[in-house]
Trainee: 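Please read through the structure below; I'll follow up with questions.
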Protein chains: 2
Amino acid sequence: MQLKKIKTDRPRLADEVYQQILTAIRAGDIKDEDRLVQERLAADLQISRTPIREALLRLEQDGILDSSPRGGFIIHRISDQEVKELYQARAAIEGQAARILAVENNKDKLASLRATIEREENISSPTIEAYFEANRSIHRTFIVQCENRYLLEMFDNIWNRGVGYYLFAAIEKLDLSKSLGDHMSLVDSIASADPTVAMDSVVAHITDGFDLQLEALAKRQ
Amino acid sequence: MQLKKIKTDRPRLADEVYQQILTAIRAGDIKDEDRLVQERLAADLQISRTPIREALLRLEQDGILDSSPRGGFIIHRISDQEVKELYQARAAIEGQAARILAVENNKDKLASLRATIEREENISSPTIEAYFEANRSIHRTFIVQCENRYLLEMFDNIWNRGVGYYLFAAIEKLDLSKSLGDHMSLVDSIASADPTVAMDSVVAHITDGFDLQLEALAKRQ
DNA sequence: AAAATGGATACTGAATACAGTATACAAAAA
DNA sequence: TTTTTGTATACTGTATTCAGTATCCATTTT
C-alpha cells in the first residue's frame, strides 16, 4: 500500500483573507469608495487583526489596493496612463508566450488551447464578470502552456490589478462572436511556427481593445 | 517663498528590514545555509518581531527567500529550469522595452542610455558584485527610459531573484571589454527605429549569457 | 463667510503574549 | 546497531495591547 505524503505546509489565515478580498473585489462587492479597515474586517471575520493586515499589505504590494489618507485601504484608482502601461506589459508577457509556443509548436498544447477557447466561450450567463473571467482563463492558458512560472506570475499580477475594473474585458456588447474568432486565430498564428507572426498576432489582439477600454473606464467615472 | 509639501507617508520598519536583508544577500553576507529567524533578527536589530516578519514574508512572496522546514527563511535554491525561465522572462520584459524605445526613437533617451553605459562600465574594483550591479544598472536604464512602471517592477523582481547568485552576471573573467561592445550595440539597434531589430538584438544579448550562467551555478554547488 | 485652532476619534505600526506545531535529539526497545 | 518513542526546544502564526499619528469636526477668530 502506497501512502501519500501529507502536505504539512500550514495554511495561513492571511492567504485566505487575501483570496476573499480579491474575490469580493471581482464580484463587485467592494466599491471604489469602500475603505477596508483592519479592525473592522477583523471583527467581521472574527479573527485578529494581524492576518488581515498581512493580507492587506500584500494586496497593496500587488498594486490592487492603496492605503487611504482617511485610514484603511481602497481599490487602487487606475489612470489612463496606467492602463496604457498595463497593455504594454501584457503585450510583453503574452507576446513572449506566443513566441515560445510558436517555436515549440506542440500539437497537443495547441489542441488544448483550442479546447479551452471553445469551453470558455460557452458562457451561460453573459455578465461582464463572466466575460472577464472567460477572457482571463483563455489568455492564461496560453501562458500556462508555455510552462514558465515567472511569466505566469507576472500575468496573474497584471490581471489581478484590473480585477476591480474588469480591465481587458471592455466590449461594446456582451457578444462573444467577435471574441471567438480572435482567440482561435491566435492559436492559428502560433501553429504557423513563426515566432514573430505569433507574437505580432497576439500583440495586435491585445492592443485592439485598448481604446475601447479607455472609453469603458471613462463611462465608469 | 514656495514651501515644499512635506511627505507624510510614514516609513515602515518592515520596508527598511526588507532592504537591509536584500543588501546583505547581495553583499554575500547571507550564505545559502543561513536561516533567517524572526526572533533572532529582532534581537539583532533591537526591534520587535512584527516588522521582521512582514519583511520576510514579502521576501518570500518575491521569490527571494523560502521558509525552511527547520524554521526561519533561507535563500531560495534556484534550479537550472528556473534560470532558463528567468532568462525567458527577461527577454519578454527587456525585449518589449527595446521595442517601445525603438518606436519612440527619442534622441535624448538614447544619449542618456549611452552615458549610463559608459559610466557604469567604469568599474573601479572588478568584483562579481560590482559587475552584477553595473550590469543591472545598465539594463535597468533601458526599462526606466521606456517609462512603464509595470515593466520596471517586473524587471526589478526578476533581478532581485538572482541577487543571491549574481544571476545574469556570469562571465569568464571580470573583463568588461566584451560587455562594453554589447551594450552599446543594443542602443544602436534601438536607434535603427525598427522594433523587431531592437528586440532581437536585446533578446540575443540576454540569451548569450545563459549557458555561461548554468556553468557558473554548477561550479557554485 | 472663511480661515484657523483644538480636541476627540479612528486607525495604524509596532511590541508583547500566548498557544500550537515541527524538528532535533536523547533514551528505550527491538 | 537500527528503529522507535518521547520530550524539550525552537519557532511560528495569531491575538492582544500600547503608543503615536492623521483626519474630522466643532468652535473660535478674523
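Keep in mind that the numbers below use all heavy atoms, side chains included, and drop hydrogens, waters and symmetry copies. All chains are named by letter (A, B, ...) in the order of the sequence lines, taking the proteins before the strands, and each is independently numbered beginning at 1.
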Trainee: Tell me the interatomic distance from A:Leu41, atom CG, to C:dT12, atom C1', rounded to whole angstroms.
Mentor: 14 Å

Trainee: Look at the side-chain N and O atoms of A:Ser48 and state whether any lies under 4.0 Å from the OP1 or OP2 oxygen of D:dA15.
Mentor: yes

Trainee: Write down the distance between CD (A:Gln46) and C1' (D:dT14), rounded to a whole number of angstrom.
Mentor: 14 Å

Trainee: Please give, in whole Å, the distance from D:dT12 P to B:Glu39 CD?
Mentor: 8 Å

Trainee: I want to verify a distance call: between C:dC11, D:dC18, D:dC11, whose nearest atom is closest to the B:Val37 side chain?
Mentor: D:dC11

Trainee: Would you kindly check if the NZ (Lys) or CZ (Arg) of A:Arg90 is within the cone defined by 45 degrees around the ring axis of A:Phe168 and under 6.0 Å from the six-membered ring centre?
Mentor: yes

Trainee: In whole Å, I'd like the distance from the CD1 atom of A:Ile47 to the C1' atom of D:dG13.
Mentor: 11 Å

Trainee: Could you tell me how far apart A:Leu36 (CG) and C:dC11 (C1') are, to the nearest whole angstrom?
Mentor: 14 Å

Trainee: Less than 4.0 angstrom between a side-chain N/O of B:Arg70 and OP1 or OP2 of C:dT23, yes or no?
Mentor: no

Trainee: Got a sec? Which of residues 58-66 of chain B come in under 4.0 Å of DNA chain C, heavy atoms?
Mentor: none

Trainee: Does B:Arg35 place a side-chain N or O at less than 4.0 Å from the phosphate oxygens OP1/OP2 of D:dC11?
Mentor: yes

Trainee: Mind checking whether A:His183 and A:His139 have side chains closer than 4.5 Å, heavy atoms only?
Mentor: yes

Trainee: Tell me the interatomic distance from B:Ile52, atom CD1, to C:dT16, atom C1', rounded to whole angstroms.
Mentor: 15 Å

Trainee: Please determine if B:Arg161 and B:Glu85 form a salt bridge, counting it only when a charged side-chain N lies under 4.0 Å from a carboxylate O.
Mentor: no

Trainee: Less than 4.5 Å apart, side chain to side chain, heavy atoms only: is that true for B:Tyr18 and B:Asp62?
Mentor: yes

Trainee: When you check the phosphate oxygens OP1 and OP2 of C:dA10, does a side-chain N or O of A:Gln38 lie under 4.0 Å from one of them?
Mentor: no

Trainee: Rounded to the Å, how far apart are A:Glu16 CD and D:dG13 C1'?
Mentor: 15 Å

Trainee: Between D:dC11 and B:Arg53, is there an OP1 or OP2 to side-chain N/O distance shorter than 4.0 Å?
Mentor: no

Trainee: Name the residue closer to the 5' end of DNA chain D, choosing between A:Pro69 and A:Thr50 according to the nucleotide with the nearest heavy atom.
Mentor: A:Thr50

Trainee: If you count every heavy atom of other residues, nucleotides or ligands that lies below 6.0 Å from A:Glu16 atom CD, does the total exceed 12?
Mentor: no

Trainee: Nearest 0.5 angstrom please: B:Leu13 CG to B:Leu45 CG, how far?
Mentor: 9.5 Å

Trainee: So for atom CD, which belongs to B:Glu129, do other residues, nucleotides or ligands contribute more than 12 heavy atoms lying within a distance under 6.0 Å?
Mentor: yes

Trainee: CZ of A:Arg49 versus C1' of C:dA15: gap in Å, rounded?
Mentor: 12 Å

